[in-house]
A.B. asks: 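Below you will find the structure I want to go over with you.
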2 protein chains.
Amino acid sequence: MNLLDAVLVALAEPTRRQLLDLLAERGEASASTLAQALPVTRQAIVKHLAVLDDAGLVSSRRAGREVRYRTRPERLAQAARDLSELATAWETRLATIKRLAEEGD
Amino acid sequence: MNLLDAVLVALAEPTRRQLLDLLAERGEASASTLAQALPVTRQAIVKHLAVLDDAGLVSSRRAGREVRYRTRPERLAQAARDLSELATAWETRLATIKRLAEEGD
DNA sequence: AACATGTGCAACCCTGAGGTTGCACTAAGG
DNA sequence: CCTTAGTGCAACCTCAGGGTTGCACATGTT
């Protein structure tokens, strides 16, 4: 599974998108803190953060006894570019097909 | 669930991404035809196409006894723009936080 | 030292998504 | 009219993903 795939999978989950919102809002936060803002357990949060980390959408660092997470906008920006490219490729395809159809009739 | 969410969910599935590839490649295809190119049943394909349709990533039209599907690049392009916006918003947040931290120290 | 807070790990539960099979229905072609 | 190819519907199966609980471990505080 390449990175774009991982990003898409990561973003497909409502809770994970909420987590990203919270992180973007706060700049940095621990799993325990985040758990207080959402209707799920800390453990669930941790799992989600792991998925987000695999997708490169968040990074973490240890600060004493807690682990702080933050967003990584570059990855999201990259994913956006990838999707954009894909869209352009489709458009080109469709344009070509349309053109051929018109010529051939 | 708004449209971007639906798009993300739709794209999170490998088989659906393959379907989109095939459609982009062929310009137009029916569920039965697509099923021949993938290791799953026509029914599975139909379900996936329904999800893609809900997300606005494909459109369909009846042609005699078959239903032909095609990609809709605008939606994907829109999704790409939305993600890009989100990334920018995060970047702005992080920049602000960083600035405040420097000023306040 | 004792306590509180945050994390890590593992087992477990359960729903939904992806997939299949079977059959009825409809349209095209001989 | 009969056959063939494509679709639609519904019941069913299976498993990974999201979630929980319980407990051990580590760090900070008094």
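Proteins come first, then strands; the chains are lettered A, B, ... in the order of their sequence lines, and each starts at number 1.
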A.B. asks: For the side chain of Thr96(A) and the backbone of Thr92(A), is there at least one donor-acceptor N/O pair under 3.5 Å apart?
C.D. replies: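 Yes; judged by distance alone, with no hydrogens or angles, the pair exists.
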
A.B. asks: Give every pair of a protein N or O atom and an N or O atom of nucleotides 3-7 of chain C that lie under 3.5 Å apart, one pair per line with the distance.
C.D. replies:
| from | atom 1 | to | atom 2 | distance (Å) |
| --- | --- | --- | --- | --- |
| dT5(C) | O2 | Arg65(A) | NH1 | 3.4 |
| dT7(C) | OP1 | Val67(A) | N | 3.1 |
| dT7(C) | OP1 | Val67(A) | O | 3.4 |
| dT7(C) | OP2 | Ser32(A) | N | 3.3 |
| dT7(C) | OP2 | Ser32(A) | OG | 2.2 |

A.B. asks: Closer than 3.5 angstrom, by distance alone: can the side chain of Ser30(A) be matched with the main-chain N or O of Thr33(A) as a donor-acceptor pair?
C.D. replies: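 Side chain of Ser30(A) to backbone of Thr33(A): a pair is present.
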
A.B. asks: Is there a path from Leu20(A) to Val9(B) through hydrophobic residues (I, L, V, M, F, W, Y) whose side chains come within less than 4.5 Å of each other?
C.D. replies: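 Cluster IDs for Leu20(A) and Val9(B) differ.
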
A.B. asks: Does any donor-acceptor pair link the side chain of Lys47(B) with the base of dG19(C) at a separation under 3.5 Å?
C.D. replies: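 Side chain to base: pair present.
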
A.B. asks: With distance as the sole criterion, is a donor-acceptor pair present between the side chains of Arg75(A) and Gln78(A) under 3.5 Å?
C.D. replies: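 No - no donor-acceptor pair under 3.5 Å links their side chains.
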
A.B. asks: To the nearest Å, how far apart are Leu34(B) CG and dG19(C) P?
C.D. replies: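 Leu34(B) atom CG is separated from dG19(C) atom P by 14 Å.
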
A.B. asks: Tell me the closest heavy-atom pair linking Ala80(A) and Ser84(B), and the distance in Å.
C.D. replies: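 Smallest interatomic distance, heavy atoms only, reads CB-N, 3.5 Å.
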
A.B. asks: Please determine whether a side-chain nitrogen of the Lys or Arg among Glu28(B) and Arg26(B) lies less than 4.0 Å from a carboxylate oxygen of the Asp or Glu.
C.D. replies: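 No, this pair does not count.
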
A.B. asks: Checking contacts here: which listed nucleotide (dG18(C), dT20(D), dT21(C)) is nearest the side-chain heavy atoms of Thr41(A)?
C.D. replies: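 Closest nucleotide to the Thr41(A) side chain: dT20(D).
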
A.B. asks: How many whole angstroms separate atom CG of Asp54(A) from atom P of dG17(D)?
C.D. replies: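 From Asp54(A) CG to dG17(D) P: 12 Å.
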
A.B. asks: Find which nucleotide of DNA chain D each of Glu13(A) and Val46(B) is nearest to by heavy atoms, and output the residue with the more 5' nucleotide.
C.D. replies: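 It is Val46(B) whose nearest nucleotide is closer to the 5' end.
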
A.B. asks: Using a cut-off of less than 4.0 Å, is there contact between a side-chain N or O of His48(B) and OP1 or OP2 of dG19(C)?
C.D. replies: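 His48(B) to dG19(C) OP1/OP2: side-chain N or O found under 4.0 Å.
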
A.B. asks: Calculate the interatomic distance between Leu11(A) atom CG and dG18(D) atom P; express it in whole Å.
C.D. replies: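 That distance rounds to 12 Å.
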
A.B. asks: DNA chain D: Val40(A) or Gly64(A), which has the more 5' nearest nucleotide?
C.D. replies: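 Its nearest nucleotide being more 5', the pick is Val40(A).
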
